[in-house]
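Report on the following structure.
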Amino acid sequence: VQLQASGGGLVQAGGSLRVSCAASGHIPISYVMGWFRQAPGKEREFVARISWTGGTTYYADSVKGRFTISRDNAKNTVYLQMNSLKPEDTADYYCAAGWTAGSRTGDYRYWGQGTQVTVSS
């Protein structure tokens, strides 16, 4: 499984941005897809996850109500729509895939490269 994240950029506080994660290779039907982020000098933290087929979603409290994770199985792509962005959302955003519906980095086996999101105040 290979993951390619894209769509990051610079946006003003209160604005919106959508990042994408294109998956290639054999994706087991039960795989969970997740988004994490890592700000400079901080540990990588969980943002959201979605089951590959069932559409079950889960969010970190810090983004609940502002971010939406979705997937397009026909395109093998997972999206993270980010609305009402805040400066504290600034980070490199990483997509990941794995067997476990968890919130820890160790729950995910495959990782994409990060895409940078910068929110200006």
Can you measure from OG1 (Thr56) to CD1 (Ile69) and round to the nearest 0.5 angstrom? 11.5 Å
Contacts of type side-chain contact (heavy atoms from CB on, under 4.5 Å), residue Leu17, not counting sequence neighbours: Met82, Leu85, Val117
What is the distance from atom CZ of Arg37 to atom OG1 of Thr115, rounded to the nearest 0.5 Å? 14.0 Å
Joint cluster assignment, Leu80 & Tyr58, ILVMFWY side-chain distance < 4.5 Å: no
Taking a hydrophobic cluster as the set of Ile, Leu, Val, Met, Phe, Trp and Tyr residues connected by side-chain heavy atoms closer than 4.5 Å, whether directly or through intermediates, do Tyr110 and Val47 fall within one such cluster? yes
With sequence neighbours left out, the residues meeting ring-ring contact (aromatic ring centres under 6.0 Å, His included) with Phe36 are Phe46, Tyr108, Trp111
Quick check: are there more than 12 heavy atoms from other residues, nucleotides or ligands sitting under 6.0 Å from CD of Gln113? yes
Please enumerate all residues that pass salt bridge (Lys or Arg N to Asp or Glu O under 4.0 Å) together with Arg49, with sequence neighbours excluded. none
For Glu88, the salt bridge (Lys or Arg N to Asp or Glu O under 4.0 Å) test, sequence neighbours excluded, returns none
Can you tell me how far the CZ atom of Arg71 sits from the OG atom of Ser51, to the nearest 0.5 Å? 6.0 Å
Could you tell me the separation between the CD1 atom of Ile50 and the CE atom of Met33, rounded to the nearest 0.5 Å? 9.5 Å
Can you get from Val32 to Val78 by hopping between Ile, Leu, Val, Met, Phe, Trp and Tyr side chains that sit under 4.5 Å apart? no
Minimum heavy-atom distance between Leu3 and Cys21, given as atom pair plus value: CB-SG, 3.9 Å
Kindly state each residue pair satisfying side-chain hydrogen bond (donor to acceptor under 3.5 Å, both in side chains) with at least one member in residues 11-36, sequence neighbours excluded. Ser16-Asn83
For a quick test of reading the model, state the closest non-hydrogen atom pair linking Tyr59 to Ala48 and the distance between them. CD2-CB, 3.6 Å
Kindly list each side-chain donor-acceptor pair under 3.5 angstrom involving residues 60-67, sequence neighbours excluded, with atom names and distances?
from	atom 1	to	atom 2	distance (Å)
Asp61	OD1	Lys64	NZ	3.1
Arg66	NH1	Ser84	O	3.0
Arg66	NH1	Asp89	OD2	2.7
Arg66	NH2	Ser62	O	2.9
Arg66	NH2	Asp89	OD1	3.0
Arg66	NH2	Asp89	OD2	3.4

Closest heavy-atom pair and its distance - Ala91, Ala39: CB-N, 3.8 Å
